[in-house]
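Everything on this sheet refers to the single structure shown next.
Basis for what follows: all heavy atoms, side chains included, without hydrogens, waters or symmetry-related copies. Owing to the predicted nature of the structure, the values given are computational and were not obtained by experimental measurement. Here is the naming used below: chain letters follow the sequence lines, and residue numbers restart at 1 for every chain.
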There are 2 protein chains.
Amino acid sequence: MKKTSLKDIAQQAGVSTALVSYVLNGKEKETRVGEAIAHKIREIAKELNYQPNHLAKSLRSGKTYTIGLIIADISNPFFANIARVVEDEAKKNGYTVIIGSCDEHAEKSWDLLNVLINRQVDGFIIVSCEGSESQVHYLKERNIPFVLLDRHFPEIQTDFVATNNYKASYDAGIHLIQSGYSRIGIMAYKSNMYHMEERVRGYKHALRDNHIEFRDSWLKEVHFESMDSEVKTAIDEILASEQRVDAMIFATYGLAINALKYINELRLKVPSDLAIVSFGQAEVFDLYYCPITYVRQPLEMLGKTSVEFLLEKLKTPDEGMKQILMEAKLIARESSKPKPAALSG
Amino acid sequence: MKKTSLKDIAQQAGVSTALVSYVLNGKEKETRVGEAIAHKIREIAKELNYQPNHLAKSLRSGKTYTIGLIIADISNPFFANIARVVEDEAKKNGYTVIIGSCDEHAEKSWDLLNVLINRQVDGFIIVSCEGSESQVHYLKERNIPFVLLDRHFPEIQTDFVATNNYKASYDAGIHLIQSGYSRIGIMAYKSNMYHMEERVRGYKHALRDNHIEFRDSWLKEVHFESMDSEVKTAIDEILASEQRVDAMIFATYGLAINALKYINELRLKVPSDLAIVSFGQAEVFDLYYCPITYVRQPLEMLGKTSVEFLLEKLKTPDEGMKQILMEAKLIARESSKPKPAALSG
DNA sequence: AAAAACGGCTTAATCGTTTAAACAAAAAAT
DNA sequence: ATTTTTTGTTTAAACGATTAAGCCGTTTTT
């Protein structure tokens, strides 16, 4: 039972494939196909349950209506959700998305890029990982349309859609300070990715603007790959420092999860022993005995806009760069509630 | 800067495209291509950074090396993770995966199916949703290879890879009983999906085998779509029943998350006020103030095996059905620790 | 010496579409 | 009555690969 093709319909109708193609693509008007025959063709197509072969279409047209979505880490619920949004938005526009996770490895990202290029995706949406600058340059050179999502490289001119991480982190810091905390630590990934640097920078400026002297021992940078062990060490150290912190910002969801587990092991009470603000939304933060204050990034908007940008780029490739920074929102919960001492002070 | 094709290489080398194809596909021996020319072709290919066009290959060969993965609910971390496993395993075998989530809607599932069929995927791996039997029949009729994953229809002969839900649920019940709980409730989705029925059946049999009389008020079935509100009502009711339960089994991860939030609101202590066992693994269960006992399904094996089955089916379509039920494992934690009273009794 | 085999290459059909160009017949304009 | 226009249709090339079949010298076999 082979799939029915244009040819089959043409044969049954006793016409050429051209007519069938015209009719089934709604071009009967422009190409002046006869009423009767057009009707007949549609009937037969329905009867034979004709489904066009996308491969052939794409080969001919050079368009696959497929978007490659390369994500730095799909196990992160933030990215998983953003992937969903992208998929939905793309589907609405008749595009299919092929998702790949590079698990924060630039090499894997190269592989994915090549696989997807071979599959002739029309363009890419990319959550870049560290060390993938060359890939971005490659895409630019090859003139392959793409939009960077959530993370971008300030030194490379590209389209991008991202969060204002500096501001988000600054806000997180201010919030803690206003809640009465003054010795505030931050845990981030050891990385020279811009979004991560911005988060640290925002935090530092929040301290500075409130005349709190930043101390090196308050900044803990851990490696993504060995997060499990390094987080524990980092927590131990940051709590042992002579100026013991009374609050912490976690620059990512993954860090927060890991740290909270350890904090539980240590029997530390949140927020009385340690207040917490974290990046990244997830159900988990509702479920923790003390609901975690978190920075909510505009997930839906980020995803939607990235698709929008890309589709526009596909339509009119020569329009200028589109770049946007969106504001995150701090959701204040119990884990950073005003320090009792601060109320009277 | 067009992509380089076989033709380009052929022109540069001054030969026909046939030779280029032979060489680049490693068929130079069988097709007796001259040493020198073969070498030259390879050089030029490298120089022009030739990347074969997958569309053309697929159109010609009828194979896309693409698998369609249709998932009932990708926002469930269990399925998200299984998707990752499937993707990885497929990639290892040179296949690309196109993932789609139908969000538990049979209609959306139909759409996805059609989109992917048009894209000529070689086969499907499907986590079915309720009411999608007709789709399974359709695939069978059309002779499109597929494997059902995690959920299957006992009345339809298909390949499938799933968990032994009956056993898993039975074990969960036994575990609670042995820990001293005797009034055990269960919350499940209102659904006639087999996997859900099996979970309820296993639970009931655990009670029966321990001479505990099952009470209708202990079984709470809620609708997936209106879960948020129904879960609360269900919890209220199950706690108000004359024989108030002292333990609960949650048949899915989503139910557990929802219920735990409400249980927190009610200031119920786990496990002293209510012991808990849940299906589905996730970091969350480590993070809850009282680590949740859960049924760990063999996620990696499920995913891997489903790919294996499908690839075998693609190779030798006429081999018989492959069906496998895998055993889950109960991970006992604090949320179901032995009841103090039970220790002395 | 003729026939067969081999080595090295090209030709051309094919996969399923799209679409510009050509064509023929009918209708309209001159 | 001829030319032009319009209408409805077919032809065939193209997308980029694969591959059976063909071709033509050279070498080997008989």
Side-chain angles (χ1 to χ4, degrees), chain A residues 1-42 44-45 48-66 94 117-122, chain B residues 1-42 44-45 48-66 94 117-122:
Chain A
M1 195 96 66
K2 284 251 334 269
K3 274 198 69 173
T4 64
S5 69
L6 276 194
K7 224 191 212 166
D8 300 328
I9 301 181
Q11 245 153 21
Q12 279 239 3
V15 297
S16 71
T17 62
L19 274 202
V20 181
S21 172
Y22 290 143
V23 171
L24 264 29
N25 286 297
K27 307 207 173 156
E28 36 185 317
K29 286 279 152 351
E30 303 106 282
T31 56
R32 304 165 309 209
V33 181
E35 272 277 316
I37 212 76
H39 186 255
K40 188 173 177 187
I41 285 171
R42 267 190 295 268
I44 296 178
L48 297 184
N49 186 32
Y50 170 72
Q51 308 276 125
N53 182 323
H54 231 276
L55 294 176
K57 272 181 126 100
S58 296
L59 180 58
R60 179 61 220 261
S61 67
K63 301 209 65 203
T64 55
Y65 292 94
T66 304
I117 288 176
N118 289 4
R119 301 221 164 210
Q120 317 294 125
V121 298
D122 291 340
Chain B
M1 196 98 65
K2 286 251 332 268
K3 273 197 69 174
T4 63
S5 71
L6 274 195
K7 222 191 213 165
D8 301 328
I9 301 181
Q11 242 151 24
Q12 278 240 2
V15 297
S16 71
T17 62
L19 273 202
V20 181
S21 172
Y22 290 144
V23 170
L24 264 29
N25 287 298
K27 304 206 174 156
E28 36 184 318
K29 285 280 151 353
E30 303 106 281
T31 56
R32 302 165 310 208
V33 181
E35 273 276 315
I37 211 79
H39 185 254
K40 188 173 176 187
I41 287 171
R42 265 190 296 267
I44 296 177
L48 299 184
N49 186 31
Y50 171 70
Q51 308 274 124
N53 182 321
H54 233 277
L55 294 176
K57 272 178 125 102
S58 296
L59 180 59
R60 180 62 221 257
S61 67
K63 301 209 65 200
T64 55
Y65 292 95
T66 304
I117 288 176
N118 288 4
R119 301 224 163 208
Q120 318 293 126
V121 299
D122 291 340

*Between B:Thr17 and B:Leu6, is there a donor-acceptor pair closer than 3.5 Å when you use the side chain of the first and the backbone of the second?*
no

_Applying a 4.0 Å non-hydrogen cut-off, can you work out what A:Thr31 is touching in the nucleic acid: base, sugar-phosphate, or nothing?_
base

*asked:* Any heavy-atom pair between the side chains of A:Asn25 and A:Lys57 that's under 4.5 Å?
replied: yes

*Might you confirm whether atom CD of B:Glu30 has over 12 heavy atoms from other residues, nucleotides or ligands at distances under 6.0 Å?*
yes

*B:Arg32 has an atom CZ; how far is it from atom C1' of C:dC9, in whole Å?*
9 Å

_Check this for me: does the side-chain of B:Tyr22 come within 3.5 Å of the base of D:dA20 through a donor and an acceptor?_
yes

_Can you measure A:Leu59 atom CG to D:dC15 atom P for me and round it to whole angstrom units?_
9 Å

*Do B:Val23 and B:Arg42 come close enough that some side-chain heavy atom pair is under 4.5 Å?*
yes

_B:Ser5 side-chain N/O to D:dG16 phosphate OP1/OP2 under 4.0 Å_ = no

_Whole angstrom value for the distance that separates P of C:dG16 from NZ of B:Lys57_ = 19 Å

*Between C1' of D:dA14 and CG of B:Asn53, the distance in whole Å*: 13 Å

*Please indicate whether B:Lys63 has more than 12 foreign heavy atoms, meaning atoms of other residues, nucleotides or ligands, lying under 6.0 Å from its NZ.*
yes

*asked:* For B:Val15 and A:Leu19, find the nucleotide of DNA chain C closest to each by heavy atoms; which residue's nucleotide sits nearer the 5' end?
replied: B:Val15

*Let me know the distance between CG of B:Asp8 and C1' of D:dA14, rounded to the nearest Å.*
15 Å

*How many Å lie between NE2 on A:His54 and C1' on C:dC15, as a whole number?*
17 Å

*To the nearest angstrom, how far is A:Lys7 atom NZ from D:dA12 atom C1'?*
13 Å

*Starting at atom CG of A:Asn25, determine the distance to atom P of C:dA20, rounded to an integer number of angstrom.*
13 Å

*Measure from the side-chain heavy atoms of B:Pro52 and tell me the nearest of C:dT19, D:dA17, C:dT10.*
D:dA17

_Using heavy-atom distances to pick each residue's nearest nucleotide on DNA chain D, tell me which of B:Ser61 and A:Ile37 is more 5'._
A:Ile37

